[in-house]
J.: 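Starting off with a structure, shown below.
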Number of protein chains: 2
Amino acid sequence: MYELFFQNFNKKVPLTTSEEEQIKRYLTPKKLRKKQYLLQEGDVCKSIAFIEKGALKAYSVDENGNERIIQFGVEGWVISDLYSFLTSEPATYNIDAIEDAELMLISKSAHEALLQHLPKYETFTRLNITGAYLAMQRRLTSIISSSLEERYVNFTTLYPEIVQRVPQHMIASYMGLTPETLSRVRQKMIRK
Amino acid sequence: MYELFFQNFNKKVPLTTSEEEQIKRYLTPKKLRKKQYLLQEGDVCKSIAFIEKGALKAYSVDENGNERIIQFGVEGWVISDLYSFLTSEPATYNIDAIEDAELMLISKSAHEALLQHLPKYETFTRLNITGAYLAMQRRLTSIISSSLEERYVNFTTLYPEIVQRVPQHMIASYMGLTPETLSRVRQKMIRK
DNA sequence: TTTTTTCATTGATTTTTATCAATGTAATTT
DNA sequence: AAATTACATTGATAAAAATCAATGAAAAAA
């Protein structure tokens, strides 16, 4: 149940068994069915979710009811509305399950307690956020300086498992495109 | 000379005078003239720069010699190619001074030593990267889900000092637009 | 000061992408 | 099993943004 979380943690910051036990007491497992919300716009984000299994998406909904996907998450990733989590302001987007999912939740109080008492947890957090920052930097650079085709190839090589598991129109949304446009980009690529 | 850096640090993590002295030994001041490079594509990024004074930009250059601006930095901000800094791989972009600038550099060895020996520095680093992550998240969300006009208004309200100090075509580049398009967006706004 | 260079704007045109509409298929629900 | 819904594709058209070209003003360099 906790396997992936600690595998991940140990890869970044090696832990003793007793440290693992200590951290376990702060984790809350949670299962989500497909389409079930982890977080709804307007609610305060009460926890960070580490994904043990399944796939989730973070997204906002525009005036016309269209979803704009901000972030995907699969096994081994962390998902949350970090701004809402840190400030306790209402979330500006939704998070739900694309597939049935199993999560390890870290509540705000757990997060703060771990930061206070376990320096390795702060290091883990720092490395996680650094990784997330670098990933987002790549995504942003790709958006402002590459063609659609390059961006799509980029995405598929970086996240092949997501391409397999997630419907195309969600990837289009993630890229800031309409589904029609992405479909045409793909057609052009196939012809080559 | 170190005022802004420590003002910033203390706002995030309060320091004792002796801790300040300790940290000072790891900092290297540096001045840059306008147009001078802090980092050139292909070189390894050897330090993180805290900006005491002036303005800088991080950018890549495409096949046609056009600059794509990835990031601006002014007083109180940090600028670097974090990926290159952390991995010691060649930088994929350039950083130079838009205005004469004064920086506080933290070398890789200084960074690592401070992380090891001063927990408050790790906290400072964590908070910095978290702030940068949230700022980039805002920027990304704005790009994939807002109109050009909204994005420009967004930028001007968020970073009015940059609008004052930096030529428009650089802001266009930062937004992933041509200067002509930004000029037209502005015209439309003025007419209202 | 004079000369260059940088910069912002505007117009005409082309290219790119979104929108609207329709279709067939696959997946899900009843 | 039948009906409904979700999904990807394609075509026609509209809207948005890029490109090419020219101009004048401001800033920087000579």
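Computation of the quantities below employed the complete heavy-atom set of this structure, encompassing side-chain atoms and omitting hydrogens, waters and symmetry-equivalent molecules.
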J.: Where the side chain of B:S183 is concerned, which of D:dT9, D:dC7, C:dT9 is the nearest nucleotide?
T.: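 When the side chain of B:S183 is considered, C:dT9 is the closest of D:dT9, D:dC7, C:dT9.
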J.: Please state whether the phosphate of D:dT9, meaning OP1 or OP2, lies under 4.0 angstrom from any side-chain nitrogen or oxygen of A:R186.
T.: yes
J.: Take the protein atom CD of A:E99 and the nucleotide atom P of C:dA27, then report the distance between them rounded to whole Å.
T.: 15 Å
J.: Would you please confirm or rule out a distance under 4.0 Å between OP1 or OP2 of D:dA6 and any side-chain N or O of A:H169?
T.: no
J.: Nearest whole Å is fine: how far is D:dA27 C1' from B:M170 CE?
T.: 13 Å
J.: Without decimals, in angstroms, what is the distance between B:Y152 OH and C:dA8 P?
T.: 10 Å
J.: With a 4.0 Å cut-off on N to O distance, would you call A:D96 and A:K57 a salt bridge?
T.: yes
J.: Taking CE from A:M189 and P from D:dT9, how many angstroms apart are they, rounded to a whole number?
T.: 12 Å
J.: Do B:E149 and B:K188 sit within salt-bridge range, that is, some charged N less than 4.0 Å from a carboxylate O?
T.: no
J.: Which atoms of nucleotides 14-21 of chain D (N or O only) lie under 3.5 Å from a protein N or O atom, and what are those distances?
T.:
| unit_1 | atom_1 | unit_2 | atom_2 | d |
| --- | --- | --- | --- | --- |
| D:dA18 | OP2 | B:T178 | OG1 | 3.3 |
| D:dA18 | OP2 | B:T181 | OG1 | 2.4 |
| D:dT19 | O4 | B:R184 | NH1 | 3.3 |
| D:dC20 | N4 | B:E180 | OE2 | 3.1 |

J.: Please step through ring-ring contact (aromatic ring centres under 6.0 Å, His included) for the pair A:Y26 and A:H111, ending with a clear verdict.
T.: CA-CA 8 Å; A:Y26 286 105; A:H111 181 68; over 10 Å; no
J.: Between A:Q168 and D:dT9, does any side-chain N or O lie under 4.0 Å from OP1 or OP2?
T.: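 Answer is yes, contact under 4.0 Å.
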J.: Which of these passes side chain to side chain contact (heavy atoms under 4.5 Å, CB included) with B:R138: B:I143, B:L158, B:N154?
T.: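 It is B:L158, the one option of B:I143, B:L158, B:N154 that forms the side chain to side chain contact (heavy atoms under 4.5 Å, CB included) with B:R138.
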J.: Quick one: label B:K34 by what it contacts on the DNA or RNA (base, sugar-phosphate, nothing), any heavy atom closer than 4.0 Å.
T.: sugar-phosphate
J.: Indicate yes or no: does B:R165 engage B:E75 in a salt bridge with an N to O separation below 4.0 Å.
T.: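 Salt bridge flag = yes for B:E75 with B:R165.
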J.: Given A:Y152, which of A:T157, A:L177, A:V163 fulfils the side chain to side chain contact (heavy atoms under 4.5 Å, CB included) condition?
T.: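 Only match with A:Y152 under side chain to side chain contact (heavy atoms under 4.5 Å, CB included): A:V163.
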J.: Of the options A:I106, A:I79, A:V78, A:N128, which is the one that meets A:F50 in a side chain to side chain contact (heavy atoms under 4.5 Å, CB included)?
T.: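 The residue from A:I106, A:I79, A:V78, A:N128 that satisfies side chain to side chain contact (heavy atoms under 4.5 Å, CB included) with A:F50 turns out to be A:V78.
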J.: Could you state the atom-to-atom distance from CD of B:Q187 to C1' of C:dG11 in whole Å?
T.: 13 Å
J.: Rounding to an integer number of Å, can you tell me how far B:K35 NZ sits from C:dT6 P?
T.: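 Distance, rounded to whole Å: 6 Å.
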